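Working notes for the structure below.
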Amino acid sequence: MRIHVVDHPLVAHKLTTLRDQRTDSPTFRRLADELVTLLAYEATRDVRTSEVEITTPVSPTTGVRLSHPRPLVVPILRAGLGMLDGMVRLLPTAEVGFLGMVRDEETLQASTYATRMPDDLSGRQVYVLDPMLATGGTLVAAIETLMERGADDVTAICLLAAPEGVATMERALAGHPVTVVTAAVDERLNEHGYIVPGLGDAGDRMYGTVG
Ligand code: URA
């Protein structure tokens, strides 16, 4: 497993406003969307392309197009949904699958409540969207589901990560072709499984609290 922390002043600027508790939901959603597009630019550095012959108004030339099969983008519901538009803005021809996962707030264990994806992912590049890599339980479970279906190249895009979550992923996915792209690795998790300093509950900040 590989981790790539995107070091860019615009990423740091947007992340700071996301962290600020005074940022309201509409602004949070817009900034998360913009931040995802910046992270997606880095995350797609190795997207597969094929050569293609075209003719410009001046001469024939060789260019590239995204290869088939097309990449698959999988937001993890609920909060990953707020990252989808920012991702498909860069990859408009990608297919989109969905994984609904919820974390038990006491045990911090992740369980799957909805899956909508192709059965066969062999040969596919998959981009998983999950804003917070906290304990790592949700992301490990999601990536294992993708690998069981044959995915051999998985990139997780997270707004923020905790060192504990990165360590869990490294243990569980050692030797697998998995990359995590994030804007920052924060200090630690607190006793409630929240990233410190973090930005709070990403789903609540995007969509308002669901009781
Ligand atoms: N999920 C969140 O939304 N925030 C955290 O800090 C950790 C997990």
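Numbering starts at 1 and runs along the sequence shown. A quick note: this is a predicted structure, and the numbers were derived from the prediction, not measured. One-based numbering, in listed order, for ligands and for the atoms of each.
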Between ligand 1 and the protein, give all atom pairs where both partners are nitrogen or oxygen and the distance is under 3.5 Å, as lines of names plus distance to 0.1 Å.
from     : atom 1 : to     : atom 2 : distance (Å)
ligand 1 : 3 (O)  : Ala202 : N      : 2.7
ligand 1 : 4 (N)  : Gly200 : O      : 2.8
ligand 1 : 6 (O)  : Ile195 : N      : 2.8

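Screening Leu173, Val140, Leu139, Thr135 for a side-chain contact (heavy atoms from CB on, under 4.5 Å) with Thr168, the sole residue that qualifies is Val140.
Other residues, nucleotides and ligands contribute at most 12 non-hydrogen atoms within 6.0 Å of the CZ atom of Arg116. Heavy-atom contacts from other residues, nucleotides or ligands closer than 6.0 Å to CG of Asp7 number 12 or fewer.
Using a 4.0 Å cut-off between a side-chain N of Lys or Arg and a carboxylate O of Asp or Glu, Asp85 and Arg29 do not qualify as a salt bridge. Look at Arg89 and Asp33 and you find a salt bridge, because one of the NZ, NE, NH1 or NH2 atoms lies within 4.0 Å of a carboxylate O, short of that distance.
Val5 and Val166 end up in the same hydrophobic cluster when Ile, Leu, Val, Met, Phe, Trp and Tyr side chains are linked at under 4.5 Å.
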